[in-house]
Amino acid sequence: MGIAHYFHTDNLAVFTRKLTAAGYVREETHQWVVYSKVLSHALEKDYGFWLKPTSRKPAHIRVTYQLLKGGKPLQKLANALKKINANYLRALPVWMIKRRIRRGVREKRWEAIWNFLTQHHELIRCFEYPGDDVLTEGNHSFNLEVSSVVTEQVICFDFVKALLAAQDPYGIMRGRRKVDQPSLQRNGWIKRYADIHRKWGWQPRVIAREIQKELREGTWNERSKLQYNLADNTICKIAGFKLTRHSLN
């Protein structure tokens with residue numbers, strides 16, 4: 001169990017009514033009143049305070065967390081969110097794939113992310129909301145004190161990374177497929193350029209020189225601006241030209 005934070009409330013009666021309305025269950029143990037709720041079948045959140053609080057105000061509230069089954073349900077949720085994120089990333093226009101995915105498909109995949117975040121919003125708030133002051137419930141952003149066990153903290157980190165990717169898909173573009181590596185994109189462009197201009201009747205030596213010029217200036221890909229300095233022989237091999245004595249003269 002991790003003791004995440006403490007906070008104060010001016011009106012304890014109103015606060016406990018809100019907890020009851022939100023589905024928290026009240027228990028009394030060792031002079032403590034504890035309101036508990038299981039969130040997304042993965043984490044139990046508890047609010048606790050003294051059974052006989054002092055006359056001074058505001059009331060002092062302690063918040064504790066406990067991952068269920070050693071964090072396995074939370075890891076399962078993290079894996080599910082990462083899978084949804086990956087499906088959406090592959091549908092973005094900036095993602096280089098063989099076939100462009102339709103806008104309707106992309107919107108459905110974004111809707112799947114939104115549905116996940118909405119369904120598990122109470123669980124997510126345990127990790128991401130900051131506190132304003134001691135009179136409101138809160139803790140530092142992306143709370144990792146949910147668990148004091150190292151193995152469970154690793155699972156929390158994994159879940160937070162999936163949340164980051166879901167909130168800003170353009171910001172995290174890790175794990176791209178091998179076909180999307182810069183060198184493979186470059187080689188694919190060379191082949192396409194050579195095929196098109198060969199149909200137009202250009203000679204291999206002219207095509208190779210034009211390709212070399214665009215590669216050196218970085219104008220072959222307006223998005224990446226990557227520059228390459230490849231020899232004519234290398235360009236011809238990538239383009240599929242048969243290397244002869246007269247092909248490059």
Task: Neighbour count >12 (heavy atoms, 6.0 Å) for atom CD, E122 - done: yes
- [ ] With sequence neighbours left out, write down each residue that passes salt bridge (Lys or Arg N to Asp or Glu O under 4.0 Å) with R26, or none if nothing qualifies.
- [x] E28
Task: Residue pair T9, L12: steps toward the side-chain contact (heavy atoms from CB on, under 4.5 Å) verdict - done: CA-CA 6 Å; T9 179; L12 184 60; 4.3 Å; yes
TODO: Please round to the nearest 0.5 Å and tell me the distance separating atom NZ of K213 and atom CZ of R216.
DONE: 11.5 Å
TODO: Say whether F159 and L68 are linked into one hydrophobic cluster, either directly or through other cluster members, by side-chain heavy-atom distances under 4.5 angstrom.
DONE: no
Task: N-O pairing of D195 and R198 below 4.0 Å - done: yes
Open item on the list: Show, in sequence, the C-alpha distance, side-chain angles and deciding distance for L230 and I190, and conclude whether the side-chain contact (heavy atoms from CB on, under 4.5 Å) test is met.
Closed with: CA-CA 11 Å; L230 300 182; I190 290 175; 4.2 Å; yes
Task: Same apolar cluster: I196 and F241, side chain cutoff 4.5 Å - done: yes
Open item on the list: Any donor-acceptor pair under 3.5 Å linking the side-chain atoms of Y47 with those of K45?
Closed with: yes
Task: L43 side chain reached by L74 side chain, heavy atoms, under 4.5 Å - done: no
Task: Shortest non-hydrogen contact from D158 toward Q75 - done: OD2-NE2, 2.8 Å
Open item on the list: Would you say CH2 of W114 has more than 12 non-hydrogen atoms from neighbouring residues, nucleotides or ligands within 6.0 angstrom?
Closed with: no
- [ ] Heavy atoms only: give me the nearest K37-A22 pair and the separation to one decimal.
- [x] NZ-O, 2.5 Å
Task: N187 side chain to I238 backbone, donor-acceptor under 3.5 Å - done: no
TODO: Quick one: do R17 and V14 satisfy side-chain contact (heavy atoms from CB on, under 4.5 Å)? Show the steps, please.
DONE: CA-CA 5 Å; R17 284 199 295 269; V14 173; 3.3 Å; yes
Open item on the list: Please say yes or no: joined through hydrophobic side-chain contacts below 4.5 Å, possibly via intermediate residues, are Y65 and V160 part of one cluster?
Closed with: yes
TODO: Calculate, to the nearest 0.5 Å, the distance between atoms CG and CG belonging to N229 and L215 respectively.
DONE: 9.0 Å
Task: H120: partners by ring pair (Phe, Tyr, Trp, His ring centres under 6.0 Å), with sequence neighbours left out - done: F116
- [ ] Flag the pair W50 / Q31 as yes when at least one side-chain heavy-atom distance between them is below 4.5 Å, and no otherwise.
- [x] yes
Open item on the list: Is the shortest side-chain heavy-atom distance between L67 and C156 below 4.5 Å?
Closed with: yes
- [ ] Classify the ring geometry between H197 and W202 as parallel (under 30°), tilted (30 to 60°) or perpendicular (over 60°).
- [x] perpendicular
- [ ] Please state whether the rings of W220 and W189 are parallel, tilted or perpendicular, taking 30° and 60° as the class boundaries.
- [x] tilted
Task: Nearest-0.5 Å distance, CD of residue Q212 to OG1 of residue T234 - done: 9.5 Å
TODO: Determine, using the 4.5 Å side-chain heavy-atom cutoff (strictly less than), whether L117 and Y88 are members of one ILVMFWY cluster.
DONE: yes
Open item on the list: Using 0.5 Å steps for rounding, measure from the CG atom of L39 to the NE2 atom of H121.
Closed with: 9.0 Å
Task: Joint cluster assignment, V25 & V33, ILVMFWY side-chain distance < 4.5 Å - done: no
Task: Contact summary for I113 and A166, nearest pair of heavy atoms - done: CG2-CB, 3.8 Å
Task: Distance-minimising heavy-atom pair for A162 and A78 - done: CB-O, 4.1 Å
TODO: To the nearest 0.5 Å, tell me how far Q203 CD sits from R209 CZ.
DONE: 11.0 Å
